Visitor: 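Got a structure for you, written out below as structure tokens; questions coming shortly.
Order of the sequence lines fixes the chain letters, A, B, ..., with proteins taken first and strands second; residue numbering starts at 1 for each chain. Model, not experiment: these values are computed from the prediction.
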Amino acid sequence: MSNPKGSVLVVGGGISGVQAALDLADSGFYVHLVEKSPAIGGAMSQLDKTFPTNDCSACILSPKLVEAGRHLNINLLTLSEVLDLEGEPGAFKVRVRQNPRYVDTEKCIACGTCAQKCPKKVPNEFDLGLGTRKAIYLRYPQAVPLKYSIDEKACIYLKKTGRCGFCEKVCPTGAINFDDKPKEFTLEVGSVILALGFRPFDPSSLEFTGYGRLKNVVTSMEFERLLSPSGPCMGHMERPSDKKEPKRIAWLQCVGSRDINRSCHGYCSSVCCMYAIKQAVIAREHSKSGDIEASIFFMDMRTHGKGFEAYYNRAQKEGIKFHRARVHTVLKGKDDNLIVRYVEDDGIPREEEFDLVVLSVGLETDPSAISLSKRLGIELDADKFLKTSLFSPVSTNRDGIFVCGAFSEPKDIPQSVMEASAAASCAQERLWPSRWTETKKKSFPPERNVYAEPPRIGVFVCSCGINIAGVIDVKEVTEYAKTLPGVVFAQNNLFTCSQDTINQMAQTIKEKGLNRVVVASCTPRTHEPLFQETLREAGINKFLFEMANIRDQDSWVHQDDPEAATQKAKDLVRMAVSKVRGDEPLPYNFVPVKKRALVIGGGVAGMVASLSLADQGFPVTLIERKDRLGGHGRKFYRTWQGNLMQDYLKGLIETVMSHENIDVRLNTTLKAVSGSVGQFRSELSDGSMVEHGVAIVAIGAESFKPRKGKWNYLYGKNPNVHTLLELDQRFIKNDPGLLGMNQAVFIHCVGSRVPERPYCSRVCCTHAIDQALKLKDLNPDMDIFMLYRDIRTYGKREHIYEEARAKGIVFIRYDLDNLPKVSEKDERMTVKVRDPIIDEEVVLHPDLLILASAVRPRDDVGELSKLFKCAMTEEGFLLEAHMKLRPVDFATDGVFLAGLCHYPKPVEETIAQAKAAASRAAIVLSREKVPAESITAIVNPMKCTGCALCTLVCPYHAVGIDENTGKAVVDTALCKGCGACVAGCRSDAITLKNLGNEQIMAAVEAALEE
Amino acid sequence: MEEKREENWQPKIVAFLCNWCSYAGADLAGVSRYQYPPSIRIVRVPCSGRVSPNMILDALRSGADGVLVSGCHPGDCHYISGNFYARRRFALFKRFLEFIGIEPDRVNFTWISASEGEQFAQVAREVTERVKRLGPARKLVKEIEPCSR
């Protein structure tokens, strides 16, 4: 067979589609990104904030969108849809139709004059109809591409030629083209990734909610827009009926989820519990008076992700009220207020009045996605989500076509991003021989020599919607910046990171002849690369740039003191200007990449990641501390869909052991690591050295064994008390002892969600219920009781909860104040628990007591994290670079993570994350060289006395003494720019480029100027 | 009037934060909206090991009422050992400062990791409080008499 195509089609421009496109384009493939709306960004662009970090959604998403929009190897096809597909994996032919925009994207400068003049107003679908837009419009202010488009259904001219046409008359660039026609074309691609996303459930059919009838009942997505600074009320949170700030807000959970009667959606939408808590927290923050009463009505609180439980606990402490009740009626009250009727555990009907009711609507598949699946021959499940198998979580029934994001199951952003990378990995496993065959190479204009010029500094002050401008007087800061020495230009922008501002910044640099730039906005840790690239595109060296962090370290931490915050912002801008004045252009350094990956941990995560990289042609060294591969998987019986783990594991181990690209080292641990991305050198316990370009950490976790203390429950004392994995062992062995048992009791949350381990272990609810079903299969007459706190069978897993209840398994809720009591007399176990519904104590005598015990981090995580300089969470799991958008990267470049060491997760998510880690690693391994540190140390030989103190303090052995001159010299390839030598030098002879003593002191002195 | 100014007086504190842990911790304080007094001016340095005693002295000479240096926790340094050098330097330097009559509470050293947003806000509050109690630092500031016009 001839080589496959080196390009991939990604359908869907939401966060998962964009991530898949970026991963592929960064590792040598040309990507066509098809999006049906006029702009990419998907549902995430409509959100105000994201949980659990409360990051502003636009702020973290925007850089990704801009990157995708500017990427040379991503062909953005907006307003487009896939018609059909033929061919086979490696050589698909896809027919695409691009609908007319009626605006020439080459000419449109997004000045907005057209929309100002356009007389036709229609409901804005981006604000879910809460606001209006014109017939010629931008999907949202930071849209990528930032080009207007005409809504042909609304446009007066297009409906009746000859009328209106104002936009054409006022457009300064002549960009309007009413004769635009649909285009059809065929793309030849090697693989297809479907990231078709979801749509929020429409609750109009649910009469009891009052939605559509009562003005102040809104959906969660609508509320998200009400909170958003770019939304219909500019983030001031007004309720629809009278534009007043609501004081009492209720959230009703599970609207269109976990409801087989009215909405026909039996599944759980996974994200609503968290987004409701987030909205409650943010609403209180948004409120001017801060006296918002927030109540959340829920069935089970499903805060099962990383950092979620802590978020929930904090919300409770902050006074958000949680009612365990499903609201049955919402009625109209006085002044368009709402009366909510509900029944709690005690069975007494209650009524409460609210100003606003938010329906936490579930996620469902968009009809257009359903029809596309039909055209492509892709199989959906009964819930109309894409059907996947748990051992290949991003594959479809059609070879070469992969899936990611909420199209296969409702899921949150990090999980969608993970799957996006995983789908990219799957595509690469087949297409790797054609890497870099269809890509274009990025070139920047030659850099202007600015040495001889006096500083001409431009300052861009960001409002960040209201994130900054809500506290700091940005206009005043901008005016102030203009008065600083060397500043020739200063400007305030709504979102400095949006595509139009970026383009305009490049333009301004050229037009005004700027040779230094300061951006006063958020943190350089996330946004510096974006702005630096803008400098390069404008033809100046990217190191002539500084950021003033007036958001994370100013407006967000001094919310109650706008005056002092504004003063501080001025100081920060002055500091940045002082520093940038002394910045010099620096060279762009590179290091060659050692084309090998080191994978630490031979469990499922480590093996899947190794295999994915090996299948892409990269050599892998896989080390495992034990004498065999398999890790935790060896103890695990089956997935909740019934796939047998041991069969899968056997096949996986065989493939890994026999793969020519994988060097498996058993009984081996990591001793020491040196070097950095591209050039790591690791010492293994067998004494050998491995040189590798990247590393994947997949060291797993452990199960908590409650041998003593509060959670003991006879564990280790009675032979019929097990943890979940111990019961799995008995299933694997087909233990006949399990037959003929009469009663089993499961206790959930043993050691999870408790003060000493305050996180949810995510997997246990599903695992326990699946085991209960297995026991029921073995002994149909068995009585099974689940003692739980909240059942967290998120996503499609809800179906087995439903099944368990249908089969008569009894669920009894307990809380931390009323723990189950377990005792034993003459080998007969007694479990006592208070049932909150009947409000009486239930006494059980199980033959089998199963403890759903916590997944806990390994005790030696710290040692490993130190070797690679990766951070850890308070609980002892490894901490990724960004919880939302970089879920498998570490802050340390070239090191990635997967599996249980990140957070407890089921095997399907482990596999997806492992493949994602492989995709991220492939971005480095697919290149010959990666960028290296430019900010390096430099010696002034005139001052150097050759005392060699610098050689002693340098952690990288990058400084040496030249034998001939007796002076210190720096090897820039080894130097990482820490500055230890600079601080250590006695004669002020060694300095760090752009971070010399004078420059840092210039910033300090600027900070202290009166 | 004078008394009132005393009460509302906000010290100026220069904080040298390492890029990898403490600066990220300060960002997290913002993301989590932990509030702290607006007295701190953060200077981002690659590593706490980059901070030389001279820089702290210079800050005090330029009119800082207090200085905070914060790096990664022991063993977590992005540059392997920089925070240890910083600590060692600092221990010596602090004795020198005492010797020349600078109150020990003016100059502070902590470890703050990228996940410790609240910790950062807490340190910012504490350091501000400590320095506030001491009042303005003028010992090292060279007062230049303005020329008579």
Side-chain angles (χ1 to χ4, degrees), chain A residues 53-55 285 522-526 547 549 551-561 564-565 567-568 571-572 575 579 674 862 865-866 869-874 879 891-892 935 953 955-956 976-980 982-985 988 992 995 997 1000-1001 1003-1010, chain B residues 10 12-14 16-21 23-24 26-55 58-59 61-65 67 72 75-82 85-86 89 113-116 120-121 124 141:
Chain A
T53 53
N54 285 359
D55 268 321
E285 203 176 273
C522 47
T523 170
R525 291 173 52 252
T526 54
M547 276 180 89
N549 189 337
R551 190 189 72 180
D552 303 44
Q553 297 179 358
D554 193 356
S555 68
W556 277 353
V557 291
H558 310 308
Q559 290 174 320
D560 309 326
D561 197 347
Q567 185 52 48
K568 182 170 172 181
D571 290 354
L572 292 173
M575 288 163 72
K579 164 94 190 354
S674 63
S865 78
K866 276 182 186 141
K869 311 289 160 217
C870 0
M872 276 160 58
T873 65
E874 278 169 27
L879 180 63
T892 311
I935 297 173
V953 297
Y956 302 102
K976 299 272 171 262
C978 71
V982 188
C985 182
D988 199 18
L992 209 51
L995 276 167
N997 289 335
I1000 294 180
M1001 285 324 297
V1004 171
E1005 280 161 25
L1008 298 167
E1009 265 173 41
E1010 288 300 324
Chain B
Q10 273 291 346
K12 281 210 166 180
I13 297 165
V14 172
F16 295 102
L17 304 188
C18 83
N19 180 46
W20 304 95
C21 293
Y23 192 90
D27 279 348
L28 184 62
V31 167
S32 324
R33 311 294 194 276
Y34 295 124
Q35 307 292 302
Y36 55 84
S39 49
I40 298 216
R41 299 291 174 271
I42 292 169
V43 177
R44 185 165 68 126
V45 288
C47 175
S48 53
R50 169 70 190 86
V51 181
S52 66
N54 249 331
M55 285 159 67
D58 267 355
R61 273 207 304 253
S62 310
D65 302 307
V67 176
C72 310
D76 290 353
C77 176
H78 184 79
Y79 301 107
I80 302 170
S81 54
Y85 286 117
R89 253 179 223 139
S113 80
S115 59
E116 294 175 330
F120 178 80
V141 181

Visitor: In terms of heavy-atom proximity below 4.5 Å to chain A, should Asp65(B) be classed as side chain, backbone, both, or neither?
Guide: neither
Visitor: Between Ala1007(A) and chain B, with a heavy-atom cut-off of 4.5 Å, which part of the residue counts as in contact: side chain, backbone, both or neither?
Guide: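 Both backbone and side chain of Ala1007(A) come within 4.5 Å of chain B.
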Visitor: Scan side-chain atoms only and decide if Asp27(B) and Gln553(A) contain a donor-acceptor pair under the 3.5 Å cut-off.
Guide: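 A donor-acceptor contact under 3.5 Å links the two side chains.
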Visitor: Where does Glu1009(A) contact chain B at under 4.5 Å (heavy atoms): side chain, backbone, both or neither?
Guide: backbone
Visitor: Where does Ile935(A) contact chain B at under 4.5 Å (heavy atoms): side chain, backbone, both or neither?
Guide: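 The answer is neither part of Ile935(A).
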Visitor: Check for a donor-acceptor pair, side chain of Arg50(B) on one end and backbone N or O of Leu995(A) on the other, with a separation under 3.5 Å.
Guide: yes
Visitor: Run Tyr956(A) and Tyr79(B) through side-chain contact (heavy atoms from CB on, under 4.5 Å) and show every step you take.
Guide: CA-CA 8 Å; Tyr956(A) 302 102; Tyr79(B) 301 107; 3.4 Å; yes
Visitor: Non-hydrogen atoms of chain B under 4.5 Å away: do they reach the side chain of Asp561(A), the backbone, both or neither?
Guide: side chain
Visitor: So if I apply the side chain to side chain donor-acceptor pair (under 3.5 Å) rule between Tyr23(B) and each of Asn549(A), Asp552(A), Thr523(A), which one comes out positive?
Guide: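 Per the side chain to side chain donor-acceptor pair (under 3.5 Å) rule, the option paired with Tyr23(B) is Asn549(A), out of Asn549(A), Asp552(A), Thr523(A).
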Visitor: Arg61(B) versus chain A, heavy atoms under 4.5 Å apart: side chain, backbone, both or neither?
Guide: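 Neither; nothing under 4.5 Å.
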Visitor: Looking at His558(A) and Gln35(B), would you say the former's side chain and the latter's main chain have a donor-acceptor pair under 3.5 Å?
Guide: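 No.
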Visitor: Do the side chain of Lys568(A) and the main chain of Ile40(B) share a donor and acceptor less than 3.5 angstrom apart?
Guide: yes
